Structure formats: structure tokens, C-alpha cells
Chemist: 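Before we start, here is the structure in question, set down as C-alpha cells.
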Amino acid sequence: MTTARIQPKAGHATHVDVVIVGAGISGVGSAYHLQQQCPNKSYVILEMKDTFGGTWDTHKYPGVRSDSDLYTFGYRFKPWVGAPVASAEAILKYMGEVIEENGVGRHIRYGHRITRCSWSSKTNLWTVEAKRRSDDATVTFTCNFLWMCQGYYDHERPYTPDWPGMNKYKGKFIHAQLWDPNVDYAGKRVLVIGSGATAATVIPAFAEKAAHVTMLQRSPTYFFCSENRNELADRLRQIGIDEPTIHRVVRAQIMHDQNLMTRRCLAEPDAVFEELKALIRHYAGQDFQFEPHFIPKYRVWQQRLAFCPEGDVFKAAAAGKLSVVTDTLETFTEKGVRTASGEEIEADIIVAATGFRLSVMGDIPFSVDGKAVDWHDTINYRGMMFTGVPNLLWVFGYFRASWTLRVDILGDFVCRLLNHMDEIGAKRVEVALRDEDKDMPILPWIESDNFNPGYLMRGLDQLPRRGDKPEWRHNQDYWAERIEIPATDLDGAEFLYDGKRRTSSARTIDVEVA
Ligand SMILES: Cc1cc2nc3c(=O)[nH]c(=O)nc-3n(C[C@H](O)[C@H](O)[C@H](O)COP(=O)(O)OP(=O)(O)OC[C@H]3O[C@@H](n4cnc5c(N)ncnc54)[C@H](O)[C@@H]3O)c2cc1C
């Protein structure tokens with residue numbers, strides 16, 4: 001591996017084998033895998049922020065934490081030793097240790113916002129331009145392979161609906177993603193608009209100090225209440241088992257249980273909902289009323305379950321610190337908001353927990369041989385590579401399982417692919433439809449029956465398309481992919497190396513993408 005620090009000069013292109021985009025949990029994990037499995041490859045991570053962490057640095061609202069347990073949201077190679085659900089601070093500390101312990105830091109270029117990526121088939125290289133914050137210079141890298149770990153949402157501009165009358169409101173309005181930790185909410189009436197994972201996190205934290213918290217939701221969410229501890233991990237620690245073994249065993253236990261839960265959500269959603277309700281009653285009391293605020297309209301597997309450690313949201317509701325209103329926001333007023341049914345909700349602070357603005361590939365303009373890439377015109381191979389776009393892989397994790405499980409799987413895949421290319425002397429790899437894909441329907445990327453969060457559904461026209469065969473879907477199924485992706489035949493007919501198939505009989509198919 002190249003260890004010298006690669007320092008680009010404005011006006012000169014610096015060459016590395018691999019550019020990783022983003023120093024979030026995906027970028028850092030990918031760098032680790034590259035170092036381990038392709039030790040001779042040089043690489044940089046280009047990160048527009050001044051620090052690592054991505055999501056865990058961006059979000060600063062009270063109580064910010066994971067939804068997933070860190071045994072599976074953490075990497076497979078670095079044991080997690082804290083409580084399963086962790087604060088942003090604890091996740092950043094963990095990532096900082098990974099960077100430090102593995103010498104990843106010297107490869108990260110902070111304050112580098114990528115502004116353009118262009119592929120040339122003449123040189124078989126990507127040219128990556130970045131704006132360097134320290135001196136506003138445009139610096140250029142060239143690389144053989146581009147590993148896109150830029151996440152899926154705009155870190156600077158969240159999604160705020162254009163509600164009528166917002167300019168009339170005299171109190172403080174803020175989107176949770178842009179929360180300023182200096183805002184003092186002690187003794188204030190706080191209105192949270194939204195009911196997803198962010199609302200579930202922020203509400204109990206506000207409820208501790210605010211005069212009152214109201215949650216205004218258009219429709220209810222499923223909540224999963226549980227203690228924030230893992231009995232098996234605690235027991236294994238008590239009897240002196242080492243942390244790497246605990247990490248491996250507890251990950252296996254959690255993944256097994258989640259698999260069972262996902263299958264049960266699909267097979268018996270009503271029974272699962274009854275169990276979720278029983279957990280809520282355990283914290284909020286047996287006479288807790290679910291109608292009308294806690295009976296969701298979607299099916300239990302279609303969106304991530306909002307986690308409630310120790311039933312905190314429901315304890316706040318049972319203690320009278322939280323009111324819930326299920327209605328449509330009609331307009332902002334001077335003192336708060338009015339809903340469609342005419343209810344006035346007054347608040348000193350209004351917090352929009354309305355989610356993300358989708359950002360496909362970091363909103364970076366891409367071109368291949370001078371032609372702009374429209375991702376919607378591409379067909380996506382297993383949620384990671386795109387027809388017509390060579391030497392590039394996109395990390396898009398799981399939603400029902402921990403995102404990071406896919407970072408590890410794709411890390412292995414990219415390294416296997418890069419090593420395979422070296423073995424066969426190929427400079428360029430891309431995916432293409434096969435003969436057998438000729439009549440395959442070309443569909444929207446999101447399978448809305450399977451998973452349908454608002455920010456993805458709003459952005460379908462920016463996302464790639466997919467087919468209906470396993471190779472051309474991101475099936476969100478960790479338990480299938482952990483077997484299928486490592487078993488992928490890299491000489492299969494869906495891969496072209498230097499423009500040719502390695503299997504003799506296969507042909508490329510041109511598919512009209514309307
Ligand atoms: C509050 C919150 C809680 C969550 N909890 C969980 C959870 O418990 N479990 C789970 O599985 N998922 C969770 N998620 C989803 C979460 O976003 C992912 O799991 C994961 O953190 C994404 O990591 P990432 O590295 O892929 O992307 P990000 O965290 O988005 O990081 C991407 C990085 O790329 C950088 N970047 C983007 N564009 C450019 C550019 N043009 N140039 C240079 N750099 C660029 C960004 O600055 C950023 O640092 C949560 C999300 C949020 C917002």
C-alpha cells in the first residue's frame with residue numbers, strides 16, 4: 001500500500017488507484033477493506049466536511065442516536081463494547097478509533113467538495129475535480145476506480161415542505177437536520193412536525209426540559225420499544241469472553257432475530273403489530289390508547305421501525321409531557337400552526353422532523369466520454385453498479401437491517417473485483433444486460449411494496465432503474481445477499497472487461513430506457 005501522503009496541487013492531477021467519496025461510516029469502512037484486501041492499491045478519501053462521520057456529524061439535535069444496535073451497525077472487524085443503541089458521539093468515537101487504529105487518517109482529504117467526475121475510455125481513468133475549502137482551489141485527481149460512499153441525502157439542505165404562512169410565524173422554526181445546539185428549549189412549548197425516527201429521538205429529549213411537546217403527524221409510525229441492553233452480550237462479558245468473540249456471537253444473534261422478525265412482518269403483520277403494542281403497554285401502561293395516533297396505515301415492513309429505548313416516547317406521552325395530533329398542517333400562524341380540522345397548536349419552537357432531500361451521487365455532475373450521465377437512464381446492477389458507467393461502485397446500504405452490513409459485503413466485492421481485474425489484466429469493468437435480460441421489464445428503482453420512505457419516493461426520477469431479476473435489483477435482503485454477492489461469478493455474462501465478455505456465447509443487449 002502507498003503510505004506517502006498524496007498532496008494535490010492546483011493545476012496538477014494527482015493519480016491514485018481508487019478515490020473513495022465521503023468519510024462517513026461507508027467511506028471509512030470501505031477504506032479499511034481496500035487496505036486489507038488490496039494492500040498495493042493507493043487511495044484517497046475525498047470529504048467535503050472538515051471531519052469524518054457524515055450523518056453522525058451532521059445531526060446535532062438533542063438525543064441524536066442510532067436506531068440500530070451497534071453490534072450490526074458497527075463494522076464486522078471492530079468490536080462494539082457499549083450499549084447496543086448509541087449516541088452520535090459514541091459512534092463518532094468508534095469511527096475515530098477505526099481511523100486511528102488502521103492509519104486511514106492520512107488518506108482522508110477533508111474540506112474537498114467533489115464538483116465533477118468524468119470518465120475517459122481513452123485513458124480508462126476517472127478525473128475527479130474537487131473544490132478545496134482551505135484555499136478555494138480546484139484540485140484534480142485521476143483514478144482507476146471510483147467508490148461512491150457519499151450517502152443518499154443532502155447534508156446541507158434538508159426537506160422542508162413549502163407550508164403556507166411560514167413567514168407569519170413569530171417563534172423559532174428550525175429543521176431537525178440543521179438543529180443548533182445553542183437553542184435553549186427549557187421551559188418552552190415545542191412542536192415537532194413529523195413522526196419518523198428523528199421525531200422519536202428528539203421528542204423524549206425535548207420532553208425532559210421543555211414545558212410541553214406536541215407531535216404533529218400526518219400519519220402514524222410503528223414503534224419498537226425495548227431496553228437498551230443486550231442480555232447475551234452482558235452475560236458473555238460477565239463470564240469473561242473476549243470482545244471480538246462477543247461481537248461475532250451477538251451480531252449473529254441479532255441478525256438471526258432480525259431475519260426472523262422480517263419474515264414474520266411479511267407473513268403475519270397483524271400478530272407482529274400486536275406484539276409491538278404489548279411492548280408499548282409495558283412502558284406506557286395497560287390502558288394506553290392506540291387509536292387514532294398509533295395505528296399506522298402502511299404495512300409493518302415498508303419502513304424502518306422507529307426504535308424507542310425504554311419506551312421513552314410512550315413514557316413521555318403517559319406522563320402528559322407529550323401530546324400527539326394526527327392531522328394535516330394547513331397553515332402556519334403567528335403563534336404556531338393550524339391544522340386542516342381547525343385545531344390551533346401554539347409553540348415557541350417548531351422543529352420540522354420532515355426528513356431528507358434525496359441527493360443521488362452527492363449531486364455531482366458525472367460524464368462518460370463527454371456525455372452527461374443521467375442516472376435514471378441507467379440500469380442498476382444489484383444496487384451497486386450501473387450500465388454504461390465503468391469502474392464505479394455505489395454503496396447504498398440496507399434499511400431494514402443495519403446500513404453498514406452492506407458496507408462490509410460491498411467492500412469484499414469491490415476488492416475481489418479489483419483483484420480479479422489485476423489478474424486478468426483488465427483496465428475497465430462495466431455491467432451490461434445479457435441476452436436473457438432482453439425482455440426484462442425495466443422498472444422504478446424502489447420496490448414500493450417492499451420499502452417506500454418519502455424521500456426515495458419523491459426522488460424516483462433521479463434514481464436509476466432496475467429489472468426484475470436478482471442481478472438487477474437491490475432487494476434490501478441482507479440474508480440473501482450475504483450468500484449471493486460473495487458467490488457472484490465475476491466472469492458472468494453481466495460483466496464486460498475492456499468492453500468484452502469473458503464468456504464466449506453471451507452478447508450485449510441495448511435496452512431502450514424511455
Ligand atoms: C439521524 C440518523 C440516524 C440514523 N440511524 C441509522 C441506524 O441506526 N441504522 C442504520 O442502518 N442507518 C441509520 N441511518 C441511515 C444512515 O444515514 C446510514 O446508516 C449511514 O450513516 C450512512 O453512511 P454513509 O457513510 O453511507 O453516508 P453519510 O453518513 O451520508 O456520509 C456521506 C459523506 O459523504 C460526504 N459527501 C457527500 N457528497 C460529497 C461530495 N460531493 N464531495 C465530498 N464529500 C461528499 C458527506 O459530507 C458525508 O460526510 C440514520 C440516518 C440518520 C440521519
Side-chain angles (χ1 to χ4, degrees), residues 19-31 44-75 84-88 90-92 94-95 108-117 128-133 139 141 146-159 175-177 179 196-202 224 254 258 304-307 309 353 355-366 394-407 410-411 453 455-456 476 478:
V19 167
I20 295 175
V21 180
I25 202 149
S26 302
V28 170
S30 301
V44 291
I45 303 181
L46 299 180
E47 168 54 58
M48 67 183 182
K49 287 168 171 279
D50 292 326
T51 187
F52 61 88
T55 293
W56 306 102
D57 170 67
T58 294
H59 288 81
K60 301 199 173 355
Y61 54 74
V64 58
R65 58 154 171 81
S66 67
D67 263 343
S68 309
D69 70 277
L70 261 288
Y71 288 94
T72 62
F73 190 72
Y75 306 111
V85 167
S87 64
I91 297 171
L92 289 173
Y94 172 87
M95 285 183 66
I108 309 180
R109 302 291 167 269
Y110 291 116
H112 280 63
R113 178 190 295 266
I114 298 174
T115 52
R116 183 176 305 279
C117 295
V128 178
E129 285 174 20
K131 195 80 166 166
R132 187 165 60 194
R133 198 185 341 263
V139 291
F141 293 82
L146 202 44
W147 199 333
M148 298 301 298
C149 299
Q150 76 301 313
Y152 58 90
Y153 66 90
D154 186 329
H155 282 250
E156 290 155 350
R157 291 169 300 158
Y159 173 68
H175 193 287
Q177 189 179 317
W179 179 262
T198 304
T201 305
V202 93
F224 174 66
I254 292 172
Q258 281 177 354
R304 194 189 272 280
L305 281 177
F307 180 68
F356 307 114
R357 198 186 71 78
L358 180 69
S359 165
V360 179
M361 300 291 170
D363 292 326
I364 300 165
F366 274 76
W394 179 45
V395 175
F396 196 102
Y398 297 116
F399 283 110
R400 276 193 292 268
S402 284
W403 178 277
T404 328
L405 294 169
R406 200 159 200 264
V407 174
L410 296 188
Y455 54 92
L456 291 178
Q476 286 289 337
Y478 165 72

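Ligands are counted one by one from 1 in listed order, and the atoms in each one are counted from 1 as well. Source: prediction; values computed, not measured. Residues: numbered from 1 along the sequence shown.
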Chemist: Do the ring centers of Tyr94 and Trp56 come within less than 6.0 Å of each other?
Modeler: no
Chemist: Please list, chain by chain and in numerical order, all residues satisfying side-chain hydrogen bond (donor to acceptor under 3.5 Å, both in side chains) with Ser66, sequence neighbours excluded.
Modeler: none
Chemist: Counting only N and O atoms by type, is there a donor-acceptor contact under 3.5 Å from the side chain of Ser87 to the main-chain atoms of Ala90?
Modeler: yes
Chemist: Checking Tyr478 now: which residues fulfil ring pair (Phe, Tyr, Trp, His ring centres under 6.0 Å) with it, not counting sequence neighbours?
Modeler: Tyr398
Chemist: Return the set of residues passing salt bridge (Lys or Arg N to Asp or Glu O under 4.0 Å) with Asp67 (not counting sequence neighbours), or none when no residue passes.
Modeler: Arg65
Chemist: Of all heavy-atom pairs between Lys60 and Trp179, which one has the smallest distance, and what is that distance?
Modeler: O-CD1, 3.2 Å
Chemist: Tabulating one pair per line, provide the atom names and distances (0.1 Å) for every N/O atom of ligand 1 that is less than 3.5 Å from a protein N/O atom.
Modeler:
from	atom 1	to	atom 2	distance (Å)
ligand 1	8 (O)	Asp67	N	2.5
ligand 1	8 (O)	Ser68	N	2.7
ligand 1	8 (O)	Ser68	OG	3.2
ligand 1	9 (N)	Ser68	OG	2.5
ligand 1	11 (O)	Arg304	NH2	2.9
ligand 1	11 (O)	Trp403	N	2.8
ligand 1	12 (N)	Arg304	NH2	3.2
ligand 1	17 (O)	Thr55	OG1	3.1
ligand 1	17 (O)	Tyr152	OH	3.4
ligand 1	21 (O)	Trp56	NE1	3.3
ligand 1	25 (O)	Ile25	N	3.1
ligand 1	25 (O)	Ser26	N	2.9
ligand 1	25 (O)	Ser26	OG	3.3
ligand 1	26 (O)	Ser26	OG	2.5
ligand 1	26 (O)	Trp403	NE1	3.1
ligand 1	29 (O)	Thr55	N	2.8
ligand 1	29 (O)	Thr55	OG1	2.7
ligand 1	30 (O)	His155	NE2	2.7
ligand 1	41 (N)	Ile114	O	3.3
ligand 1	42 (N)	Ile114	N	2.9
ligand 1	44 (N)	Met48	N	3.1
ligand 1	47 (O)	Glu47	OE2	2.6
ligand 1	49 (O)	Glu47	OE1	2.7
ligand 1	49 (O)	Glu47	OE2	3.1

